[in-house]
**Student:** 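There's a structure below that I have some questions on.
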Amino acid sequence: MALSHSGHSLVETVKCTNRMNIFSYNKPKLIKLLFLPLAIILGLFVSKGGTSAVVIIILLLFTFFYLIYLYKFPKAGVFTALLIAFFINGLTRYIDAGPIGLSVDIVLIVTLLVALFSRVKPNIQFLKSGVYVFTIVWFLFTVLEIANPEARSKEAWFYAVRGVSLYQVFTLAIALMYMQSIRDLRRFIHINIIVIVISVFWGARQLFFGTDAAENAWLAAGAYKTHILFGILRVFSFYSDAGQFGATAAYGGLVAGILAFGPFKTSTRILFAFAAIIGIWGMLISGTRGALFVPASGVFAYLFATRNFRAIIIGSVFVGGIYGFLKFTTIANNNNQIRRFRSALDPNDPSLQVRLENQKKFKIYLSSRPLGGGIGTSGSWGQRFTPGTFLAETANDSWYIKIWAETGIVGLCLHIAMLVFFIVYGYMVIFRIRDPVLASYIMAIHSGSVGITVASYGNPILGQFPLGIILYTTWAFFVLAPYFDGQIQKQKHSL
């Protein structure tokens, strides 16, 4: 019986082995059978669609693998949105905008959806902070603005509300849940500085070698009216306009300049100093006068954060000297950039007088409209969706005038209160941080945020790319910084 049983087992084993060998031998054939129909379909698709079909296939494959990566690392959504915000306006000059104009929206929304199922569990404790609560309050207010009886276009609201509050609430949510390391803060700062330096080099190419065919077409379509003054180009790089380029370059120069004085090794400080010089030079070649207030206000914000009385005095004297040079002398007036920046300090400048006159008109119009004329009714969106109306045809030339015009005195007060809260909150965080390297990082981006906030009075830069995304991510790091500091202190004590 034992032999019979053993023989039976041996036979069964041989049969099983043979079946396994047969399956292993036929496995490549099975794969070929599975992929053959797919290959035929793709071949037909490419033969019919040509180059466009190839591009679509590549994009679909990229999207597939990107979603997998996003599933593993949801924080990548913020960095992707940041990079897109830098380059999107430049890309639209070379390719038809189409859906690409909504790419930042798509990335942020998809990131939130993917994050719900991600293996990386979100840390929702930071969503309870005052920063995010204020953000939600502002967002809900802008949602209610869709019912503003003065608003004439729901479509205009949809497009305009993205820059006013939607990007803010999405970016902050993702950053607060997933930016859990000081490495993320360093990565954020380094990406900003590197891309800003690249943008200045791109702008230098426009200045010294001229604009290319796509940029010429953009200028010829109407942008030449504001970007070629007295035959001199106002450099715009790959941003929406010279104003955004100048302010962004100034922001990069300010942040890098502050970090150049930080507690880093000499080679790192030299690189930061180089980036700072490049950024400030980029501000100058943009010919954007309002950008001057980014480093001016940012430096004072930094000096106050240091709580060093001597540094405050020296810094004030230095900034005051630059102001005096521009205001009370005519030295280097043959330089177009310096001459243009000098005009920013002239109270009788014709451009300033026009702005003040428009503000008087807004004051009369809005005196009976405490909730404004509705989001999307002024500026470029107003001209696109409600042309011929007062708000669409009267230039606001300022982020705060835009908010006032579209949300009234109620919205303006709420918005300014929110921005002031973020600035004060940033200082409270800086004064609590014990690690000098982390403190240097936070002081740099906090000073940059103050610069953006102040300079937005002269230009509507706050709600535009890339400064809007930069600012919202900065606010998230204000909340996260004490957590980072706690991690660093634990590591130090454990050594």
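The figures that follow rest on heavy atoms only: side chains count, while hydrogens, waters and symmetry mates do not. One is the number of the first residue; the rest follow in order along the sequence.
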**Student:** Where the side chain of Tyr132 meets the backbone of Val169, is there a donor-acceptor pair that is under 3.5 Å apart?
**Tutor:**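 Between the backbone of Val169 and the side chain of Tyr132 there is a qualifying donor-acceptor contact (under 3.5 Å).
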
**Student:** List the steps, then state whether side chain to side chain contact (heavy atoms under 4.5 Å, CB included) holds for Ile442 with Leu185.
**Tutor:** CA-CA 9 Å; Ile442 297 299; Leu185 172 60; 3.9 Å; yes

**Student:** Looking only at atom types and distance, does a side-chain atom of Arg234 sit under 3.5 Å from a main-chain N or O of Thr226, one as donor and one as acceptor?
**Tutor:**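 Yes; at least one donor-acceptor contact below 3.5 Å.
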
**Student:** Do any N or O atoms from the side chain of Arg162 and from the backbone of Tyr159 form a donor-acceptor pair under 3.5 angstrom?
**Tutor:**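 A pair under 3.5 Å: yes.
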
**Student:** Under 3.5 Å, sequence neighbours excluded: what are the donor-acceptor pairs made by side chains of residues 380-388?
**Tutor:**
from, atom 1, to, atom 2, distance (Å)
Gln383, NE2, Ala392, O, 3.4
Thr386, OG1, Gly382, O, 3.1

**Student:** Can you tell me which residue pairs pass the side-chain hydrogen bond (donor to acceptor under 3.5 Å, both in side chains) test with a partner in residues 413-427, sequence neighbours excluded?
**Tutor:**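 Non-adjacent pairs meeting side-chain hydrogen bond (donor to acceptor under 3.5 Å, both in side chains): Trp399-His415.
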
**Student:** Which word best sums up how the rings of Trp218 and His227 line up, parallel for under 30°, tilted for 30 to 60°, or perpendicular for over 60°?
**Tutor:**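 Correct class here is perpendicular.
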
**Student:** Has His446 got a side-chain atom pairing as donor or acceptor with Tyr302's backbone, closer than 3.5 angstrom?
**Tutor:**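 Judged by distance alone, no pair lies under 3.5 Å.
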
**Student:** To the nearest 0.5 Å, tell me how far Ile285 CD1 sits from Ser237 OG.
**Tutor:**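 Rounded to the nearest 0.5 Å, the CD1-OG separation comes out at 8.0 Å.
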
**Student:** If a pair satisfies side-chain hydrogen bond (donor to acceptor under 3.5 Å, both in side chains) and one of its residues is in residues 185-198, list it, with sequence neighbours excluded.
**Tutor:**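 Counting only pairs at least two positions apart or across chains, the side-chain hydrogen bond (donor to acceptor under 3.5 Å, both in side chains) contacts touching residues 185-198 are Asp184-Arg187.
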
**Student:** For Ile124, check side-chain contact (heavy atoms from CB on, under 4.5 Å) against everything at least two apart and list the hits.
**Tutor:**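 Partners of Ile124 by the side-chain contact (heavy atoms from CB on, under 4.5 Å) criterion, ordered by chain and then number, come out as Pro122, Leu127, Met177.
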
**Student:** Give every donor-acceptor pair under 3.5 Å between a side-chain atom in residues 207-214 and any protein atom, sequence neighbours left out.
**Tutor:**
from, atom 1, to, atom 2, distance (Å)
Thr211, OG1, Asn216, OD1, 2.3
Asp212, OD1, Tyr94, OH, 3.4
Asp212, OD1, Ala214, N, 3.2
Asp212, OD1, Glu215, N, 2.9
Asp212, OD2, Tyr94, OH, 2.5

**Student:** Run the side chain to side chain contact (heavy atoms under 4.5 Å, CB included) test on Phe236 and Leu219 for me, step by step, so that the C-alpha distance in whole Å, both residues' side-chain angles and the decisive distance to 0.1 Å come before the verdict.
**Tutor:** CA-CA 11 Å; Phe236 50 89; Leu219 289 169; 4.0 Å; yes

**Student:** With under 30° as parallel and over 60° as perpendicular, where do the rings of Phe134 and Phe421 fit, or are they tilted in between?
**Tutor:**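 Rings of Phe134 and Phe421: tilted, 30 to 60°.
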
**Student:** Got a sec, which residues hit salt bridge (Lys or Arg N to Asp or Glu O under 4.0 Å) with Glu155, two or more places apart in sequence or on another chain?
**Tutor:**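 Counting only residues at least two positions away or on another chain, Glu155 forms no salt bridge (Lys or Arg N to Asp or Glu O under 4.0 Å).
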
**Student:** Suppose we call two aromatic rings close when their centres sit under 6.0 Å apart. Are Tyr483 and Phe126 close by that rule?
**Tutor:**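 Under 6.0 Å, so yes.
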
**Student:** Give a yes or no on this: more than 12 heavy atoms of other residues, nucleotides or ligands lie within 6.0 Å of atom CZ of Phe264.
**Tutor:**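 It does: Phe264 CZ has more than 12 such atoms within range.
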
**Student:** For Ala156, does its backbone N or O pair with a side-chain atom of Ser153 as donor and acceptor, under 3.5 Å?
**Tutor:**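 Here the side-chain-to-backbone pair exists.
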
**Student:** If I take atom OG1 from residue Thr407 and atom CG from residue Leu371, how far apart are they, to the nearest 0.5 angstrom?
**Tutor:**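 So the gap between those two atoms works out to 8.0 Å.
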
**Student:** Taking Asn459 for the side chain and Ile461 for the main chain, is one N or O donor matched with an acceptor at less than 3.5 Å?
**Tutor:**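 Such a contact is absent between Asn459 side chain and Ile461 backbone.
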
**Student:** Just how far is it from atom OG1 of Thr171 to atom OH of Tyr167, taken to the nearest 0.5 Å?
**Tutor:**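 Separation between the atoms: 9.0 Å.
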
**Student:** Could you walk me through whether Arg307 and Phe431 pass side chain to side chain contact (heavy atoms under 4.5 Å, CB included), step by step?
**Tutor:** CA-CA 9 Å; Arg307 291 183 289 181; Phe431 296 154; 3.4 Å; yes

**Student:** Stepwise, does the ring-ring contact (aromatic ring centres under 6.0 Å, His included) test hold for Phe422 with Tyr472?
**Tutor:** CA-CA 10 Å; Phe422 292 158; Tyr472 308 145; 8.9 Å; no

**Student:** Please report the interatomic distance CD1(Ile375) to CG(Asn148), rounded to the nearest 0.5 Å.
**Tutor:**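 Spacing of CD1 (Ile375) from CG (Asn148) equals 8.5 Å.
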
**Student:** Listed by chain and number, what are the salt bridge (Lys or Arg N to Asp or Glu O under 4.0 Å) partners of Arg369, not counting sequence neighbours?
**Tutor:**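 By the salt bridge (Lys or Arg N to Asp or Glu O under 4.0 Å) rule, Arg369 matches Glu150.
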
**Student:** Under 3.5 Å, is there a donor-acceptor pair between the side chain of Arg355 and the main chain of Gly458?
**Tutor:**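 Checked: pair present.
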
**Student:** According to salt bridge (Lys or Arg N to Asp or Glu O under 4.0 Å), who are the partners of Asp485, at least two apart in sequence or on a separate chain?
**Tutor:**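 Asp485: salt bridge (Lys or Arg N to Asp or Glu O under 4.0 Å) contacts with Arg434.
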
**Student:** Could you go through residues 462-469 and list every donor-acceptor pair under 3.5 Å that involves a side-chain atom there, pairing it with any protein atom two or more places apart or in another chain?
**Tutor:**
from, atom 1, to, atom 2, distance (Å)
Gln464, OE1, Ser240, OG, 3.4
Gln464, OE1, Gln244, NE2, 3.2
Gln464, NE2, Pro460, O, 2.8

**Student:** Can you list everything that forms a side-chain contact (heavy atoms from CB on, under 4.5 Å) with Leu140? Sequence neighbours excluded, please.
**Tutor:**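 For Leu140, the residues satisfying side-chain contact (heavy atoms from CB on, under 4.5 Å) (neighbours in sequence not counted) are Ile136.
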
**Student:** When rounded to the nearest 0.5 angstrom, what is the spacing between OG1 in Thr394 and CD1 in Ile401?
**Tutor:**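 That separation rounds to 12.0 Å.
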
**Student:** Please identify each residue that fulfils side-chain contact (heavy atoms from CB on, under 4.5 Å) with Leu271, with sequence neighbours left out.
**Tutor:**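 Scan of Leu271 (side-chain contact (heavy atoms from CB on, under 4.5 Å), adjacent residues dropped) gives none.
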
**Student:** Using 30° and 60° as the class boundaries, would you call the ring planes of Phe141 and Trp138 parallel, tilted or perpendicular?
**Tutor:**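 Judged by the thresholds at 30° and 60°, the geometry between Phe141 and Trp138 is parallel.
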
**Student:** Mind checking side-chain contact (heavy atoms from CB on, under 4.5 Å) for Thr377 and listing every partner two or more places apart, or none if nothing turns up?
**Tutor:**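 Result, side-chain contact (heavy atoms from CB on, under 4.5 Å) vs Thr377: Leu391, Glu406.
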
**Student:** On the 0 to 90° scale, with breaks at 30° and 60°, tag the Tyr457-Tyr400 ring pair as parallel, tilted or perpendicular.
**Tutor:**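 Taking Tyr400 first and then Tyr457, their aromatic rings lie parallel (interplane angle under 30°).
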
**Student:** Can you tell me how far CD1 of Ile445 sits from OG of Ser440, rounded to the nearest 0.5 angstrom?
**Tutor:**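 Ser440 atom OG to Ile445 atom CD1 measures 10.5 Å (nearest 0.5 Å).
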
**Student:** Answer with yes or no whether the side chains of Thr80 and Tyr66 bring together a donor and an acceptor at under 3.5 Å.
**Tutor:**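 The criterion, which ignores hydrogens and geometry beyond distance, is satisfied for Thr80 and Tyr66.
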
